[in-house]
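Remarks on the structure that follows.
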Amino acid sequence: MAVQAIGPGGRPYPPPPESESVVPAQVTVLGAICLQLLLPDRLTVGPSWLIPALEGVLLGGLALSSPRELEREHTRRRTVALAMIAFVSAANVYSLATLTHFLLHHHVGNGRELIVSGVLIWLTNFLIFALWYWELDRGGPGKRAAGRDEIPDFLFPQMNDDRIEPLHWRPRFIDYLYVSLTNATAFSPTDTMPLSAMAKSVMGVQAVVSLVTIGLIVSRAVNILAVGVL
């Protein structure tokens with residue numbers, strides 16, 4: 001349920017209705033699918049093409065069933081979108097867990113392959129959590145487009161200073177992409193703060209995945225390369 005005002009000076013909330021394009025989100029999903037296709041077979045569930053193919057079918061269904069511009073809430077579209085995001089997230093976590101297990105319990109001599117695999121997993125993590133934030137904040141993009149925003153899950157800088165942006169400012173996909181990037185690199189919020197328990201939980205999961213990927217796998221791979229040079 002939307003509230004009437006939030007922020008300093010009684011900033012009106014929610015902002016007026018404004019349509020939002022779903023193309024950036026669809027391109028992001030496509031990018032995550034392409035990254036998964038590049039992973040070695042031993043880091044994927046089944047054949048390397050299986051999960052990306054299933055994700056591609058879901059993406060195609062979303063593209064055909066929903067408009068390019070969201071103007072109102074589409075309950076089924078959002079349900080399928082959240083299921084697809086969860087599916088990609090689970091596949092990426094599986095790849096990370098498999099790579100970590102392989103690294104800790106097997107002799108590894110190919111540091112370059114580890115680095116490439118770690119980078120692919122990190123990039124997928126970055127892209128997929130941008131989609132999580134976009135779909136979760138304020139009840140989802142459909143509600144935001146219809147001007148029926150729920151209570152914010154994130155506090156953006158523009159919501160604190162009326163001199164930076166107009167009173168009717170609303171975050172777009174690029175804003176959530178940036179939040180995901182900073183959280184994946186800093187392992188914590190930077191300029192945008194999580195407000196709800198859900199937002200804090202999702203950001204925490206992303207930070208852990210990113211920390212394990214960079215701190216354990218990439219550092220171990222660099223060590224293997226250094227030993228090989230010596």
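Note that the coordinates shown come from a computational prediction; the quantities given were computed from them, not determined experimentally. These values consider heavy atoms only, across backbone and side chains, with no hydrogens, waters or symmetry-generated copies.
For the pair R78 (side chain) and E73 (backbone), a donor-acceptor distance under 3.5 Å is absent. Judged by distance alone, the side chain of S210 and the main-chain N or O of A207 form no donor-acceptor pair under 3.5 Å. Between the side chain of Q206 and the backbone N or O of S180 there is at least one donor-acceptor pair closer than 3.5 Å. Using modelled atom types, no side-chain atom of R148 and backbone atom of P17 make a donor-acceptor pair closer than 3.5 Å.
Under the 4.5 Å side-chain criterion, counting only non-hydrogen atoms from C-beta, S89 is in contact with I85. Counting heavy atoms from C-beta outward, F154 and M203 have side chains that approach closer than 4.5 Å. With contacts defined as side-chain heavy-atom distances shorter than 4.5 Å, the pair T192/L155 does not qualify. Contact annotation: the side chain of E135 approaches that of P141 to within less than 4.5 Å [non-hydrogen atoms, C-beta and beyond]. Counting heavy atoms from C-beta on, the side chains of R144 and D149 come closer than 4.5 Å. For the pair W122 and L96, the minimum side-chain heavy-atom distance is 4.5 Å or more. At least one side-chain heavy atom of T28 sits less than 4.5 Å from a side-chain heavy atom of F173. Between W134 and P171 the shortest side-chain heavy-atom distance does not fall below 4.5 Å.
Checked against a 6.0 Å centroid threshold, the rings of Y176 and W132 do not count as neighbours.
To the nearest 0.5 angstrom, D153 atom CG is 11.0 Å from K200 atom NZ. Rounded to the nearest 0.5 angstrom, F126 CZ and N183 CG are separated by 11.5 Å. Rounded to the nearest 0.5 angstrom, Y13 OH and I151 CD1 are separated by 8.0 Å. Note: E150 CD to R138 CZ = 11.0 Å, rounded to the nearest 0.5 Å. Note: L195 CG to F156 CZ = 9.5 Å, rounded to the nearest 0.5 Å. Put simply, OG on S117 and CG on L38 are 10.0 Å apart, with the number rounded to the nearest 0.5 Å.
Tested against S95 for a side chain to side chain contact (heavy atoms under 4.5 Å, CB included), the candidates L39, L120, N125, T124 yield a single pass: L39.
Under a 4.0 Å N-O distance rule, the pair R172/E18 qualifies as a salt bridge.
A chain of hydrophobic side-chain contacts below 4.5 Å, direct or via other Ile, Leu, Val, Met, Phe, Trp or Tyr residues, connects I128 to M198.
Listed by chain and number, the residues in a salt bridge (Lys or Arg N to Asp or Glu O under 4.0 Å) with E55 amount to none (sequence neighbours excluded).
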